Amino acid sequence: MDELGHSCAFTGHRPYKLPWKDNESDPRCIMLMRRLYDQIAALAGRGVTDYYSGMAEGTDLWAALAVLKLKKENPTVRLHCIIPYHGQPDKWGIKSQTRYFKILQKADETKELSYSYYDGCLLDRNRYMVDRTGTLLAVYNGEYRGGTAATIRYARKLDREIIIIDPATGKISQDA
């Protein structure tokens with residue numbers, strides 16, 4: 001397995017784009033979080049050890065939590081938190097901010113790409129992660145516009161393995 005083959009990045013929608021919004025007790029949200037964990041565990045079983053989260057609300061934070069859970073069983077697993085700019089969580093609710101900072105405390109690496117927000121910094125963060133990983137695990141509803149769609153297109157351009165979880169149905173598909 002080459003260096004990229006040991007690594008996976010996450011992309012996906014924020015809660016406001018998901019059918020259940022921010023209701024994490026919704027059965028569809030619980031199912032999605034389980035699917036994320038199962039996919040990450042399957043990747044770890046294939047030798048993927050390094051996971052990159054962009055630390056955005058929703059998918060990124062859920063995936064990071066799944067990695068930390070798996071890390072308890074598999075100490076070779078590493079979480080890399082790639083932060084697009086210093087104040088990323090400043091306008092979030094207290095629950096998301098608390099989760100964000102707890103994850104950062106447990107991460108193996110945190111990398112802040114910019115101190116200040118600038119137009120395009122989220123896209124730059126996503127490209128940074130895809131450039132360094134062989135697999136992209138995406139929670140994606142199929143819409144053409146948005147950061148998740150752009151990240152998937154970029155990963156396709158670089159011929160990365162892409163695993164997509166449909167947030168509405170839970171269906172998992174491969175796009176390599």
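Since this is a predicted model, take the numbers as computed values, not measurements.
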Would a 4.5 Å heavy-atom cut-off, applied to side chains only, mark K106 and L79 as touching?
-> no
Heavy atoms, side chains only, cut-off 4.5 Å: are N126 and F10 in contact?
-> no
Side chains of H86 and S116 in contact at under 4.5 Å (non-hydrogen atoms) = no
Same cluster or not: are L137 and L18 linked, directly or through other Ile, Leu, Val, Met, Phe, Trp or Tyr residues, by side-chain heavy atoms under 4.5 angstrom apart?
-> yes
Electrostatic pair R99:E57 at N-O distance under 4.0 angstrom = no
Less than 4.0 Å between a side-chain N and a carboxylate O, is that true for D108 and K71?
-> yes
Closest non-hydrogen contact found for H13 with T59 is O-OG1, 3.2 Å
Is a salt bridge present between K95 and E24, judged by a nitrogen-to-oxygen distance below 4.0 Å?
-> yes
Which is it for R46 and E161 under the salt bridge (Lys or Arg N to Asp or Glu O under 4.0 Å) test, yes or no, and what are the steps along the way?
-> CA-CA 13 Å; R46 286 185 5 207; E161 174 187 19; 2.8 Å; yes
Is there a side-chain contact between Y128 and P84, using heavy atoms and a 4.5 Å cut-off?
-> no
Give a yes or no on whether a salt bridge exists between K171 and D166, defined as a side-chain N under 4.0 angstrom from a carboxylate O.
-> no
Heavy-atom pair of closest approach, residues W20 and P167 = CZ3-O, 3.4 Å
Should the pair W92 and Y100 be assigned to parallel (<30°), tilted (30 to 60°) or perpendicular (>60°) ring geometry?
-> perpendicular
Report yes if some heavy atom in the side chain of D124 is under 4.5 Å from a heavy atom in the side chain of M129; otherwise report no.
-> no
Is any side-chain heavy atom of L136 closer than 4.5 Å to a side-chain heavy atom of T151?
-> yes
Crowded around Y144 OH? As in, over 12 foreign heavy atoms under 6.0 Å?
-> no
With the side chain counted from C-beta on, respond yes when Y85 and C121 share a heavy-atom pair under 4.5 Å apart, and no when they do not.
-> yes
In terms of side-chain heavy atoms, does S7 have a donor or acceptor partner in D50 at a distance below 3.5 Å?
-> no
Non-hydrogen side-chain atoms of L4 and R160 separated by less than 4.5 Å | yes
Using a distance-only test with no angle check, is there a side-chain donor-acceptor pair under 3.5 angstrom linking D131 and Y154?
-> yes
